[in-house]
Amino acid sequence: MLKTHDCGQLRAADSGKTVMLAGWVHRRRDHGNLIFVDLRDRFGITQLVFNPDISEQTHAAASDLHIEYVIRVVGQVRERPEGMRNPDMPTGEIEVVATELEILNTAKLPVFHINRESEVDEAVRLRYRYLDLRRQRMQRNLVLYHEVTRFIREHLSNRGFVEIETPILFKSTPEGARDYVVPSRIHPGKFYALPQSPQQLKQLLMVSGFERYFQIARCFRDEDQRSDRQPEFTQLDLEMSFVDRDDILALMEDLLIALVPAVSDKRIATIPFPRLTYAEAMDKYGSDKPDVRFGMTIVDITDIAGKTAFTVFSSAVEAGGRVKAIVAPGCAGYTRRQIDELGQMARDLGAKGLATIQMRPEGPHTPIARFLSPEELESIISRCGAQEGDLVLIVADQPKTVAQVLGQMRTEFGKRLSLVDDNVLAFAWITDFPLLEWDDEEQRYTAVHHPFTAPMDDDLDMLESAPEKVRAKAYDVVANGYEIGGGSIRIHRRDIQERMFAAIGMSREAAQSQFGHLLEAFEFGAPPHGGIAAGMARLVMLLAGEPNIREVTAFPKTQSAVDLMTDAPSYLTPRQLAELHILVDDTHMSNTKDGDA
RNA sequence: GGAGGCGUAGUGUAGUGGUCUAACACGUCGGCCUGUCAAGCCGAAGAUCGCGGGUUCGAGUCCCGUCGCUUCCGCCA
């Protein structure tokens, strides 16, 4: 080892010891004679002192040090003189008086500040990610990620779970997300697909009798990015046999309740986690991943509004729509311009318009006053529970649109009015999802969750007659407006799985060629089973209080799925393409003969 | 595929049609300095204002296009 101690380790009790430290020059304070160097390694920072009275040669060498040089130092630990201790740093009571200095490597000037937490353009950070990862924020976040992973592995291992790896080169299935594919050299024209999740394989492991499986699993989905979505990501994936829904929920809830205090200072809002059905969540929060840290729930005023003379309301109700409202506390004083901006936001979200009631001291003010009787207005206000000083926002439309608009506006006001506490994690379960939904584009039903999700027993006989009414044994765990994980009890019988494939418009032949292995496995004694998968980065992002998952990902890709550091994806050489039996359109070839190579 | 935001020295910002011959902070370089810890003081260098085109007597500033990053919608079994 080039060091006897790390830079976060030495204390007053170590004074007098001769030590060897190695790391990066974090800062240098050159007083001409005395030189102070803050030496940084992964574990902390220790102050070095170079004094010409101790070693003239070493002091002269220290004059040539620059930021981020990699050095090794030999010296004596010394308690700092009274009044010169730094209570803000763990090693602040000591310093190391350097007697020897070796420059292990020089460093170009970093393109951004490594020794301060200043904002830097993210493209620059990603281009030089190895430098960005030296900074405190990323060091802290990646260590947290590791702690979360380690905790989960121990927690589940202690409960009889076995971690089993499943292949990354797998089979393409057209259901679900777009696949990332890998050409086969040995089998011209054939492709592997990278797994979107280990779903089928973990179900097969249940057929194999492992009973309790988990995996910290890499997954790949070729869809557009979001602040909480990367093209490749990691899931905590788990599956259990001989369980029902509440067993999975209890396991996951126990895990999260134990995890949060073990790795963070965040407080869990409510234990046990609240449970909402999908219908309740959409009704009250306008979202299937509601932020339940604050109220402002959506109020249904369809019965009152539908009878008014305001045709926007009544015609929406006649068309099968709903009229709903949220109450923004303390916003009655909004200016005309602010109200107009809210109206524009509502239209941008898909509403035809936005009705408002400003609860002013002199009485309710609303642009639609002339369409409402005083009793109707009073009735709406009373239903919403609006008080003086509040602002009521009303949207009339099809249920889906109303939920979308008011749900998003609720989220906006949650931020705007600081109703959300960043130190709180408000977990909740969303249950009773619909099994299927109609897809206009494809002109068929598609699985809301995935086609292996079991229908509720009571709804099974509607699978063919009223597919949209069938509820699934599916559940999501959400926190602070993010979907943290989702799972279900699975189908474990061939006949029901075949009916499910038929319900999503899949022919027997297609089912056989794509999922024949699974159908066949179900005939060899598949136990009842179910599981859940949770996005690791989303969870760590919330634990770290970060605004996106790139901040907890070592080497993330940009929104256009590019790695700015390596420039992946890149062109292949003609020789590589030939070997893979791939013809690429001239317009999509590199203009250099050797591709990117 | 669509909508919005951003792009000015190494980094972060200011500049919203006319001494902008582009300012400030941090950093960098040179000098001084033996107790600093975001060290201090003095001085200096450093920017074809993302790229291309247009409007104008005049464009960092307005318009069009394009590229990059980002947020959201679609998409994400």
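Only this structure's heavy atoms are used, side chains among them; waters, hydrogens and symmetry mates stay out. Values in this document were obtained by computation on a predicted structure and should not be read as measured data. The chains referred to below are lettered A, B, ... by the order of the sequence lines, with proteins before strands, and numbering in each begins at 1.
No hydrogens or angles considered: a donor-acceptor pair under 3.5 Å links the side chains of A:Gln344 and A:Asp348. If you check the side chains of A:Arg490 and A:Ser488, you find a donor sitting under 3.5 Å from an acceptor. Side-chain contact annotation: A:Glu437 with A:Tyr445, donor-acceptor N/O pair under 3.5 Å absent.
Between A:His450 and A:Gln408, the residue anchored nearer the 5' end of RNA chain B, judged by the nucleotide with its closest heavy atom, is A:Gln408. Nearest-nucleotide positions on RNA chain B place A:Arg85 closer to the 5' end than the other of A:Arg85 and A:Thr453.
With C1' as the reference atom, B:G60 and B:C20 are 9 Å apart, rounded to whole Å. Spacing between B:G54 and B:U61 at atom C1', rounded to whole Å, works out to 15 Å. Comparing B:A38 with B:G27, their C1' atoms sit 12 Å apart, to the nearest whole Å. The P atoms of B:C72 and B:U55 are separated by 39 Å, rounded to the nearest whole Å. To the nearest whole angstrom, the two P atoms, one in B:G4 and one in B:C76, are 24 Å apart. Taking atom C1' in both B:A22 and B:U13, one finds a spacing of 13 Å when rounded to whole Å. Rounded to a whole angstrom, the distance from the P atom of B:C49 to that of B:A9 is 9 Å. Rounded to whole Å, the P atom of B:G7 lies 11 Å from the corresponding atom of B:G15.
No engagement by A:Glu437 is indicated, since no non-hydrogen atom pair under 4.0 Å with the nucleic acid exists. Residue-level contact check: A:Arg27 touches the backbone only, with heavy atoms under 4.0 Å from sugar-phosphate atoms and none from bases. Contact annotation for A:Asp53: base contact, defined as any heavy-atom pair under 4.0 Å involving a base atom. Contacts of A:Ser118 with the nucleic acid, taken as non-hydrogen atoms under 4.0 Å apart, are absent. Using a 4.0 Å heavy-atom cutoff across all strands shown, A:Asp348 reaches no nucleic acid atom at all. Residue contacts shown for A:Gln47 include a base, since a base heavy atom lies under 4.0 Å away. Contact annotation for A:Glu122: backbone-only contact, meaning every heavy-atom pair under 4.0 Å involves sugar-phosphate atoms and none involves a base.
Straight-line distance from the CZ atom of A:Arg127 to the P atom of B:U11: 12 Å, rounded to whole Å. Between the NZ atom of A:Lys289 and the C1' atom of B:C73 there is a distance of 12 Å, rounded to whole Å. Computed from coordinates, the A:Phe112 CZ to B:A9 P distance equals 16 Å when rounded to whole Å. Distance, A:Glu442 CD to B:G74 C1': 14 Å, rounded to whole Å. Taking atom CD of A:Glu441 as the reference point, atom C1' of B:C76 lies 14 Å away to the nearest angstrom. Separating the CE atom of A:Met409 from the P atom of B:C73 is a distance of 15 Å, rounded to the nearest angstrom. Spacing between atom CD of A:Gln559 and atom P of B:G1 amounts to 13 Å, rounded to whole angstrom units. Atom CG of A:Leu564 is separated from atom C1' of B:U70 by 12 Å (rounded to the nearest Å).
Distances shorter than 4.0 Å separate none of the side-chain N or O atoms of A:Thr558 from OP1 or OP2 on B:G68. For A:Arg80 and B:U36, the shortest distance from a side-chain N or O to OP1 or OP2 is not below 4.0 Å. Between A:Asn86 and B:C37 there is no side-chain N or O to OP1 or OP2 distance below 4.0 Å. For the pair A:Arg29 and B:U36, the criterion of a side-chain N or O lying under 4.0 Å from OP1 or OP2 is not met. Residue A:Ser227 has a polar side-chain atom (N or O) positioned under 4.0 Å from OP1 or OP2 of B:C72.
Under the Watson-Crick and G-U wobble criteria, each requiring two contacts below 3.5 Å, nucleotide B:A59 is left unpaired. When both pairing distances are held under 3.5 Å, B:A39 makes no Watson-Crick or G-U pair with any nucleotide shown. With both pairing distances under 3.5 Å, B:U19 is matched to nothing as a Watson-Crick or G-U wobble pair. Searching all strands for a Watson-Crick or G-U wobble partner of B:U66 with both distances below 3.5 Å returns B:G50. Both distances falling under 3.5 Å, in either a Watson-Crick or a G-U wobble arrangement, occur for no nucleotide opposite B:C33. Using N1 to N3 plus N6-O4 or O6-N4 for Watson-Crick, or N1-O2 and O6-N3 for G-U wobble, each under 3.5 Å, B:U11 pairs with B:A25.
Taking the salt bridge (charged side-chain N to carboxylate O under 4.0 Å, His left out) definition, one finds that A:Glu232 meets it with A:Arg218, A:Lys557, sequence neighbours left out. Under the rule for a ring pair (Phe, Tyr, Trp, His ring centres under 6.0 Å), A:Phe112 has no partner lying at least two apart in sequence or in another chain. In this view, A:His450 and A:Phe452 satisfy the ring pair (Phe, Tyr, Trp, His ring centres under 6.0 Å) rule, not counting sequence neighbours. Annotation: ring pair (Phe, Tyr, Trp, His ring centres under 6.0 Å) contacts of A:His66 (sequence neighbours excluded): A:Tyr69.
A salt bridge links A:Asp30 with A:Arg28; the closest basic N to acidic carboxylate O contact falls under 4.0 Å. Of the charged side-chain nitrogens involved, at least one lies within less than 4.0 Å of a carboxylate oxygen, so that A:Glu551 and A:Arg125 count as a salt-bridged pair. Salt-bridge annotation for A:Glu117 and A:Arg135: absent, with no side-chain N of the basic residue lying under 4.0 Å from a carboxylate O of the acidic one. At a threshold of 4.0 Å, the pair A:Glu122-A:Arg550 counts as salt-bridged, since one of the basic side-chain nitrogens sits closer than that to a carboxylate oxygen.
Note: A:His517 and A:Phe515 have tilted aromatic rings, judged against thresholds of 30 and 60 degrees for the angle between ring planes.
At a cut-off of 3.5 angstrom, counting only N and O atoms as typed in the model, there is a donor on one side and an acceptor on the other between the side-chain of A:Arg229 and the base of B:C75. Judged by distance alone with a 3.5 Å cut-off, a donor-acceptor contact links the side chain of A:Arg78 to the base of B:G35. With hydrogens and angles left out, the side chain of A:Arg221 and the base of B:C76 share no donor-acceptor pair within 3.5 Å.
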Polar pairs (N or O, both sides) under 3.5 Å between protein and nucleotides 23-30 of chain B?
| from | atom 1 | to | atom 2 | distance (Å) |
| --- | --- | --- | --- | --- |
| B:C26 | O2' | A:His113 | NE2 | 3.3 |
| B:C26 | O2' | A:Arg116 | NH1 | 3.4 |
| B:C26 | O2 | A:His113 | NE2 | 3.2 |
| B:C29 | OP1 | A:His66 | ND1 | 3.0 |

Please list each protein N or O that sits under 3.5 Å from an N or O in nucleotides 47-51 of chain B, with the distance.
none

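For A:Arg410 and A:Phe413, the positive end is not near the middle of the six-membered ring at less than 6.0 Å and at most 45° from its axis.
Comparing B:U71, B:G35, B:G1 by their nearest atom to the side chain of A:Arg550 picks out B:U71. Distances from the side chain of A:Ser560 to the nucleotides B:C69, B:U11, B:U70 place B:C69 closest. Checking B:U71, B:C75, B:C33 against the side-chain heavy atoms of A:Asp30 singles out B:C33 as nearest.
Stacking of A:His31 onto the six-membered ring of B:G35 is not present when judged by under 5.5 angstrom between centres and under 30° between planes.
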- Task: Tell me, with the steps shown, if A:Asp563 and A:Thr566 meet side chain to side chain donor-acceptor pair (under 3.5 Å).
- Result: CA-CA 6 Å; A:Asp563 179 342; A:Thr566 64; 3.1 Å; yes
